[in-house]
Amino acid sequence: MLDVITIGHFSMDLIFLPGLPRPRKTLGGPPTYTSLAAKRMGASVGVISKVGGDFPEKYVKWLKEQGVDLSG
């Protein structure tokens with residue numbers, strides 16, 4: 001049983017920083033920040049989301065390594 005389940009969409013954010021020639025692409029979206037914050041407070045966490053085929057596998061792997069259950 002999980003303590004927290006987040007339902008929402010992971011996203012890819014473009015971060016524009018002064019001095020950089022192009023925006024930086026990074027993982028974003030409410031489930032990302034909610035699940036990681038809850039995990040760091042000691043909760044067991046799951047996310048229910050749907051992502052496209054172009055969603056980077058490295059982020060799926062990283063979230064699992066952080067202890068986020070993505071089976072939903």
Side-chain angles (χ1 to χ4, degrees):
M1 176 168 263
L2 299 169
D3 296 318
V4 176
I5 297 175
T6 302
I7 301 171
H9 296 290
F10 291 112
S11 66
M12 296 306 302
D13 291 343
L14 293 176
I15 307 297
F16 293 84
L17 296 172
L20 291 182
R22 56 186 108 109
R24 186 176 132 211
K25 190 184 281 191
T26 189
L27 177 61
T32 301
Y33 302 111
T34 302
S35 63
L36 292 175
K39 188 70 187 161
R40 285 186 174 80
M41 290 190 289
S44 58
V45 180
V47 173
I48 298 173
S49 185
K50 187 173 182 180
V51 296
D54 61 343
F55 189 76
E57 183 63 32
K58 69 179 182 178
Y59 291 128
V60 173
K61 181 181 175 190
W62 181 78
L63 286 162
K64 288 178 180 178
E65 289 171 354
Q66 301 306 306
V68 177
D69 182 336
L70 299 177
S71 62

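Because the structure is predicted, anything quoted here is derived from the model rather than measured.
Using a distance-only test at 3.5 Å, with no hydrogens or angles considered, a donor-acceptor pair links the side chain of Asp69 to the main chain of Ser71.
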Side-chain donor-acceptor contacts of residues 47-68 below 3.5 Å, not counting sequence neighbours, with atom names and distances?
{"residue": "Ser49", "atom": "OG", "partner": "Gly8", "partner atom": "O", "Å": "2.7"}
{"residue": "Ser49", "atom": "OG", "partner": "Phe10", "partner atom": "N", "Å": "3.4"}

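Taking each heavy atom of Ala43 and Val4 in turn, the nearest pair found is CB-CG2, 4.1 Å. When every heavy atom of Val45 is checked against every heavy atom of Ala38, the shortest pair comes out as CG2-CB, 3.7 Å. Nearest heavy atoms, Pro23 versus Leu14: CB-CB, 4.1 Å. Smallest separation of non-hydrogen atoms from Pro31 and Thr6: CA-CG2, 3.5 Å.
Using a 4.5 Å cut-off between side-chain heavy atoms of Ile, Leu, Val, Met, Phe, Trp and Tyr, with links allowed through other members, Leu70 and Leu36 fall into the same hydrophobic cluster. Cluster membership check: Leu20 does not share its hydrophobic cluster with Phe16, using side-chain heavy-atom separations under 4.5 Å among Ile, Leu, Val, Met, Phe, Trp and Tyr.
Distance check: Ile5 CD1 to Ser44 OG gives 9.0 Å after rounding to the nearest 0.5 Å.
Checked against side chain to side chain donor-acceptor pair (under 3.5 Å), Thr26 has no partners two or more places apart in sequence or in another chain.
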